[in-house]
Amino acid sequence: MIGKNIKIFDELDSTNNFVKRNISNLKHGCVVVSKKQTEGRGRRDNIWMSKEGNLYFSIVLKESIYRSSIFKYIVYSSVTLIETLKEYKIEALIKYPNDCLIESKKVSGILIESSGSMSLEYLVIGIGININQVKFNELSSKATSLKMVLEKSLDVDEVLQRYLKKFNDISNLDYNDVFKMYLNYSIVLDKKIKYQDEEYIISDIEKDGTLLIKNSLGERRVAYSEISLKEFY
Ligand code: BTN
């Protein structure tokens, strides 16, 4: 079960870093939470601003996991987030592969890291959810928080507990069903993107995360790790 053992810190550099440093002492399913992070990290070497009032946590997975199935965990963790927000009557959507958006603004990001080649030693799912932050400065046109949407503060720990419960429920479902949910929540299908300086339409997402993109010259298959959808519109 995920979240039976939760370690809570007032401050860490990054919950993902903590997990990676201490992996030999952490059991499968353990969750590491920090009230703030001094070196919060996002995908593609971005900084994840991590002031107090939001939720920053990492889930440790040590069961047998193959590198080829990492996308499954992207699907399970992002669908879990959407379903958790539904409990607060918030409708959120997924921007491939795993950003969670409310009214086109990012409310949450997920950074999955692992060690090992084919068969992984561990997988860490690091999740940041903007909960009570209301000032995003230069990111204000791109970022939002649950407080901004609901116009009230939320208890950060309650959001975590709801997320973990949902994660356990959704992990018990068949991947095909969860993947269908993922596609339903996905906002990128039929949208235009630029890839290697060419314009394409995203025509499909496969179960392993491969993106199908096409233009008048034909169709291409692109692995999720190879593409950044910064330029999608
Ligand atoms: C992204 O959208 O770029 C991913 C952001 C992931 C942020 C979370 S916060 C908890 C965990 N610890 C980190 O340093 N990063 C992830």
Side-chain angles (χ1 to χ4, degrees), residues 2-3 6-23 26 29-61 70-71 73-82 84-85 92-115 122-133 136-146 154 156-157 159-164 167 182 185-188 209 224-232:
I2 304 301
I6 302 183
K7 294 185 189 308
I8 303 176
F9 294 87
D10 285 335
E11 180 179 304
L12 282 177
D13 52 346
S14 143
T15 54
N16 273 30
N17 291 356
F18 177 89
V19 168
K20 286 157 82 176
R21 282 196 299 272
N22 295 285
I23 194 65
L26 298 173
C30 170
V31 173
V32 175
V33 190
S34 184
K35 292 187 181 150
K36 58 182 170 184
Q37 302 181 117
T38 52
E39 289 171 42
R41 293 183 294 109
R43 294 180 69 229
R44 302 182 182 279
D45 294 330
N46 287 324
I47 292 171
W48 187 260
M49 294 300 291
S50 307
K51 289 189 196 145
E52 202 158 342
N54 298 325
L55 180 55
Y56 313 106
F57 66 107
S58 298
I59 299 173
V60 180
L61 298 182
I70 289 183
F71 188 72
Y73 293 89
I74 291 182
V75 168
Y76 277 110
S77 50
S78 46
V79 167
T80 296
L81 194 53
I82 304 291
T84 305
L85 296 185
L93 293 167
I94 300 167
K95 180 180 156 200
Y96 173 93
N98 55 11
D99 284 351
C100 175
L101 309 184
I102 303 174
E103 290 163 7
S104 307
K105 291 186 175 183
K106 181 157 165 171
V107 70
S108 166
I110 301 177
L111 176 66
I112 296 191
E113 297 182 289
S114 59
S115 159
Y122 67 84
L123 190 79
V124 46
I125 305 178
I127 304 178
I129 308 177
N130 298 333
I131 298 193
N132 292 315
Q133 186 170 346
F136 290 94
N137 302 327
E138 67 280 2
L139 291 176
S140 57
S141 61
K142 294 185 181 157
T144 191
S145 68
L146 302 188
L154 291 184
V156 174
D157 189 50
V159 180
L160 174 67
Q161 294 304 333
R162 285 180 187 249
Y163 182 93
L164 295 176
F167 191 96
Y182 178 87
Y185 294 136
S186 179
I187 54 165
V188 298
Y224 71 91
S225 48
E226 265 181 77
I227 197 162
S228 154
L229 293 196
K230 263 198 182 127
E231 296 200 55
F232 107 102

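Whatever order the structure lists them in is the order used to number ligands and atoms, beginning at 1.
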Check: How close do W48 and K106 get, heavy atom to heavy atom, and via which atoms?
Finding: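 What the structure gives for the nearest pair is CZ3-CE, 3.6 Å.
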Check: Mind checking whether K106 has a heavy atom under 4.0 Å from ligand 1?
Finding: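 K106: in contact with ligand 1 (<4.0 Å).
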Check: So is I110 close enough to ligand 1, meaning a heavy atom under 4.0 angstrom away?
Finding: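 Flag set, I110 near ligand 1.
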Do [X] and ligand 1 have an N or O pair less than 3.5 Å apart?
| X | answer |
| --- | --- |
| S14 | yes |
| Y56 | no |
| S58 | no |

Item checked: Region of Q37 that comes within reach of ligand 1 [heavy atoms, distance under 4.0 Å] ->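 Contact part for Q37 vs ligand 1: side chain (C-beta onward).
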Notebook entry, point to check: Just heavy atoms, cut-off under 4.0 Å: does N17 contact ligand 1 by side chain, backbone, both, or neither?
Noted result: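 Contact part for N17 vs ligand 1: neither.
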Nearest-neighbour protein heavy atom for [atom], which is reported as residue plus atom name and distance:
| atom | answer |
| --- | --- |
| atom 15 (N) of ligand 1 | R41 O, 2.7 Å |
| atom 3 (O) of ligand 1 | R43 N, 2.7 Å |
| atom 5 (C) of ligand 1 | W48 CE3, 3.4 Å |

Check: Ion pair present between K20 and E113, side-chain N to carboxylate O less than 4.0 angstrom?
Finding: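 A salt bridge links K20 with E113.
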Note to self: Pairing donors with acceptors under 3.5 angstrom, does anything connect the side chains of N16 and S58?
What the structure shows: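 The criterion, which ignores hydrogens and geometry beyond distance, is satisfied for S58 and N16.
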Next item on the list: Please answer whether the main-chain N or O of I131 pairs with a side-chain N or O of N54 as donor and acceptor at a distance below 3.5 Å.
Entry: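 The answer is yes, because a donor-acceptor pair under 3.5 Å joins these two groups.
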Check: In terms of ring plane angle, is the pair F71 and Y182 parallel, tilted or perpendicular, where the classes change at 30° and 60°?
Finding: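 Aromatic pair F71/Y182 classed perpendicular.
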Notebook entry, point to check: Would you call the rings of Y163 and F57 parallel, tilted or perpendicular if under 30° counts as parallel and over 60° as perpendicular?
Noted result: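 Geometry flag for F57 against Y163: perpendicular rings.
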